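This is a predicted model, so every value here is computed, not measured. Chain identifiers are assigned alphabetically (A, B, ...) following the order of the sequence lines, protein sequences preceding nucleic acid strands; residue numbering begins at 1 within each chain.
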2 protein chains.
Amino acid sequence: METLLEDDDCNASASRRLAEGLAALAHPTRIEIVRHLAGQPACCCRDVVDRLDLAQSTVSQHLKVLVEAGLVRFSPDRQRSRYELDRAALKDLSSSLARLTEDCCAGC
Amino acid sequence: METLLEDDDCNASASRRLAEGLAALAHPTRIEIVRHLAGQPACCCRDVVDRLDLAQSTVSQHLKVLVEAGLVRFSPDRQRSRYELDRAALKDLSSSLARLTEDCCAGC
DNA sequence: AGTTTCCATCGTTCATCGCCGATAAACGAT
DNA sequence: ATCGTTTATCGGCGATGAACGATGGAAACT
């Protein structure tokens with residue numbers, strides 16, 4: 001029962017973390033931002049603003065969400081800001097979902 | 001409804017659909033529900049209510065979200081309702097995220 | 001008959017999201 | 001020193017999300 005409880009806690013905690021990661025990507029604009037970031041080593045906020053038809057403040061917010069979720073690395077570069085896709089984190093998230101899917105399809 | 005899609009909207013449309021799928025899973029409770037559904041061929045609303053400490057109406061809502069996202073199949077079984085995990089749809093979602101991740105990691 | 005059980009839906013409350021305009025700080029250029 | 005550019009953050013507004021209780025309908029049990 002001790003191990004069972006720990007398993008449950010583990011599952012619940014994993015669910016929470018996975019949900020947080022998925023929530024960060026659960027918006028078309030943020031997926032587009034990730035796609036854009038994938039094409040280059042890094043870019044600044046302005047680049048994204050030019051690409052998407054959204055206000056600069058809105059883009060900044062979306063970038064913040066991605067950074068807080070750990071999917072994008074942020075480093076203030078003088079005037080410009082430097083946003084870089086954390087591909088390892090993205091892979092982790094994808095793997096987590098894949099693992100959940102595999103667990104769910106174990107019997108088929 | 002949305003049978004007409006311009007080529008330019010292809011990426012945006014894919015992002016939108018992926019975002020919708022991820023949003024359905026972007027909640028710890030719904031992930032737990034999916035996990036629970038994975039352990040059996042099907043179950044009713046009551047089963048989930050007993051497992052999670054939430055009101056029956058809340059659970060019903062979460063199930064509805066999963067059904068509308070296509071991740072869970074629903075068939076009214078006499079008195080009880082029958083919810084069944086659509087493992088193929090879950091795999092599709094997982095694959096979509098994996099594809100995005102691969103696209104983003106093509107150069108590494 | 002009446003009753004219980006299971007379920008979906010409605011209405012409400014509260015919090016969060018998504019978007020914007022405005023603002024101020026930081027930096028580069030003139 | 002004064003622009004122009006870039007950026008993050010604030011305040012506000014409408015929309016959505018998440019939770020609950022209450023209600024009513026349908027099936028099953030007494």
Review point. Rounded to whole angstroms, how far apart are CG on B/Asp53 and P on D/dA18?
Key: 18 Å
Revision key, fill the gap. In terms of heavy-atom contacts, A/Cys43 and A/Leu37 come closest through SG-CD1, 3.5 Å
Review point. Can you tell me how far P of D/dA26 sits from CG of B/Asp77, to the nearest Å?
Key: 16 Å
Check your understanding: Does a salt bridge link A/Asp47 with A/Arg51, judged by any charged N lying under 4.0 Å from a carboxylate O?
Key -> no
Practice item. Indicate yes or no for a side-chain donor-acceptor contact from B/Arg30 to the backbone of B/Ala24 under 3.5 Å, with no hydrogens or angles considered. Key: yes
Point to revise | From A/Lys91 atom NZ to B/Thr101 atom OG1, the distance as rounded to the nearest 0.5 Å | key: 9.0 Å
Check your understanding: What is the distance, rounded to the nearest whole Å, between atom CG of B/Leu25 and atom P of D/dG17?
Key -> 15 Å
Practice item. Indicate for each nucleotide in nucleotides 1-18 of chain C, in 5' to 3' sequence, whether protein heavy atoms under 4.0 Å reach the base (B), only the sugar-phosphate (S), or nothing (-). Key: ----BSBBB--------S
Review point. In whole angstrom, what separates A/Leu54's CG from D/dT7's P?
Key: 15 Å
**Study point:** Nucleotide D/dA8, atom P - distance to CD of A/Glu68 in whole Å
**Key:** 12 Å
**Study point:** salt bridge (charged side-chain N to carboxylate O under 4.0 Å, His left out) assessment of B/Asp103 paired with B/Arg99
**Key:** CA-CA 6 Å; B/Asp103 290 350; B/Arg99 207 171 312 125; over 6 Å; no
Check your understanding: In chain order, what residues pass the side chain to side chain donor-acceptor pair (under 3.5 Å) check against A/Glu32, with sequence neighbours excluded?
Key -> A/Arg35, B/Ser15
